[in-house]
Amino acid sequence: AQKKSMWGRQGGEQKDHPGIMTSSTSPELPYRHPLKGKLREKVLLNVYDLNPADAKKKYITTANDWGIRVGIGAFHSAVEVYDVEWSFGCTTSDDTLAIKACIPRCCSPSQYKYRMTVEIGYTLMSPAEVERVIHNLAKGRFKGTSYDMLRNNCNDFSDLFCQKITGKGIPKWVNRGARALDKMFDGAEKIKKHPVSKKIGKAFSAAKSTVSKGVNTSVDVIQTSWEKSKEGFSQMCCQIESSPWSQCGGGILFNNCYGRRRNNGLSSPTDTSRELKEMPSSRASECKSSQI
């Protein structure tokens with residue numbers, strides 16, 4: 001008689017599971033290997049959508065409904081063997097086992113929504129041998145801190161685990177979304193590091209620096225010219241006011257043109273003519289000849 005397995009039932013005993021993508025008339029249903037005479041166990045892949053099972057708006061599930069038609073999507077996966085489901089996740093320390101066991105098709109309902117089950121094949125390993133494989137994977141590539149959403153995720157674990165216990169990997173479409181994103185980011189990084197990209201970046205930096213210097217120089221020249229113009233204009237005004245011409249009507253006309261008439265109490269050109277008329281005849285004729 002077989003001893004009861006530490007996994008909760010006798011090793012080699014097989015159950016039917018609802019929703020499995022296989023046929024009940026498959027010739028692989030006998031559980032004893034025809035050549036080696038060993039018991040074998042069915043290995044299943046449980047696929048989940050990356051949103052909570054009870055979420056009101058299941059955006060990922062909706063996207064996967066369309067994406068799975070062309071063989072791509074955002075999925076979480078776990079491997080079911082001997083009525084136990086195994087999956088890989090991130091941990092903050094390597095001391096914590098990152099490969100977790102749970103009830104089949106009930107992996108973290110707060111994070112994942114069960115979608116479907118895919119039959120991978122059969123394993124000739126005993127429960128103890130399968131568990132040994134899991135511990136070796138947990139101590140090697142699949143430590144908790146080694147988790148990477150694109151390059152070392154739950155689907156990578158499922159694929160390698162299935163290969164080790166059945167000789168077959170998981171379907172490509174399960175992890176194709178992560179692979180596509182990884183290639184996109186990798187391509188962008190290569191373009192960034194390419195020598196041509198670096199030269200273009202240096203050229204843009206040099207052009208930006210040259211334009212900036214040119215603008216600053218132009219502003220400085222304009223400001224200097226403006227200051228010199230103001231200084232020259234002020235000197236000209238001082239010379240005109242200190243000349244004899246400013247003592248007669250010419251000075252009055254000059255003040256009228258440049259806004260200084262108010263200092264003399266004049267408000268219009270008529271006032272200038274009136275002032276010339278009121279001057280003594282000798283001084284008025286002198287001013288008129290000066291204006292000419």
Side-chain angles (χ1 to χ4, degrees), residues 5-9 11-15 17 20-21 31 33 36 38-50 73-112 114-183 186:
S5 170
M6 59 178 290
W7 296 52
R9 66 185 180 89
E13 182 184 350
Q14 188 66 33
K15 287 185 177 181
H17 296 279
I20 297 176
M21 297 174 62
Y31 302 123
H33 196 282
K36 297 183 179 181
K38 291 184 178 180
L39 295 175
R40 60 182 186 169
E41 178 73 6
K42 186 177 287 187
V43 178
L44 307 171
L45 181 74
N46 294 326
V47 182
Y48 299 80
D49 295 325
L50 297 180
F75 302 107
H76 169 75
S77 67
V79 179
E80 180 183 347
V81 58
Y82 287 115
D83 280 350
V84 179
E85 182 176 291
W86 298 92
S87 62
F88 172 61
C90 179
T91 61
T92 56
S93 173
D94 288 338
D95 296 331
T96 305
L97 192 64
I99 300 175
K100 306 290 185 181
C102 70
I103 299 172
R105 297 175 295 285
C106 295
C107 181
S108 301
S110 61
Q111 294 178 283
Y112 311 121
Y114 171 74
R115 170 174 284 273
M116 63 191 302
T117 297
V118 180
E119 182 179 318
I120 300 300
Y122 291 87
T123 182
L124 300 178
M125 292 184 178
S126 66
E129 290 173 328
V130 170
E131 191 171 359
R132 193 177 301 117
V133 171
I134 292 171
H135 279 285
N136 290 336
L137 292 175
K139 292 178 181 179
R141 175 180 172 181
F142 297 101
K143 295 180 179 179
T145 56
S146 68
Y147 180 88
D148 187 286
M149 186 177 293
L150 302 181
R151 300 181 178 179
N152 197 44
N153 57 30
C154 55
N155 300 322
D156 292 309
F157 163 75
S158 297
D159 185 58
L160 186 57
F161 183 33
C162 287
Q163 288 183 32
K164 287 187 174 296
I165 64 176
T166 69
K168 300 178 182 179
I170 66 174
K172 298 295 184 183
W173 58 264
V174 177
N175 205 28
R176 187 168 288 143
R179 288 289 177 268
L181 286 175
D182 182 41
K183 289 182 179 179
D186 188 53

Are the side chains of [Y] and [X] in contact, using a 4.5 Å heavy-atom criterion?
X      : Y      : answer
Met125 : Arg132 : no
Phe161 : Ile99  : no
Thr123 : Glu129 : no

How many angstroms lie between [atom1] in [X] and [atom2] in [Y], if you round to the nearest 0.5 Å?
X      : Y      : atom1 : atom2 : result
Thr166 : Arg40  : OG1   : CZ    : 12.0 Å
Ser146 : Asn152 : OG    : CG    : 4.5 Å
Cys90  : Lys143 : SG    : NZ    : 14.5 Å
Phe157 : Trp86  : CZ    : CH2   : 8.0 Å
Tyr122 : Ile165 : OH    : CD1   : 13.0 Å
Lys172 : Asn155 : NZ    : CG    : 12.0 Å

Ignoring hydrogens and geometry, is there a side-chain-to-backbone donor-acceptor pair from Thr91 to Ser93 under 3.5 Å? yes

Do the side chain of Asp49 and the main chain of Arg115 share a donor and acceptor less than 3.5 angstrom apart? no

[X] and [Y]: which non-hydrogen atoms are nearest, and at how many Å?
X      : Y      : answer
Cys162 : Val43  : SG-CG1, 4.3 Å
Val118 : Pro171 : CG1-CG, 4.1 Å
Leu45  : Ser158 : CD1-CB, 3.8 Å
Val84  : Pro104 : N-CG, 4.3 Å
Ala178 : Met149 : CB-O, 3.9 Å
Ile120 : Ile170 : CD1-CA, 4.2 Å

So does Lys100 have more than 12 non-hydrogen atoms from other groups sitting under 6.0 Å from NZ? yes

Residues in side-chain contact (heavy atoms from CB on, under 4.5 Å) contact with Cys107, at least two apart in sequence or another chain: Tyr48, His76, Glu85, Ser87, Cys102, Tyr112

For the pair Asn175 and Asp159, evaluate side-chain contact (heavy atoms from CB on, under 4.5 Å) and give the outcome as yes or no after the intermediate values. CA-CA 9 Å; Asn175 205 28; Asp159 185 58; over 6 Å; no

Strictly below 4.0 Å, N to O, side chains only: are Asp156 and Arg179 in salt-bridge contact? yes

Whether Tyr147 and Phe88 hold their rings parallel, tilted or perpendicular, with breakpoints at 30° and 60°: tilted

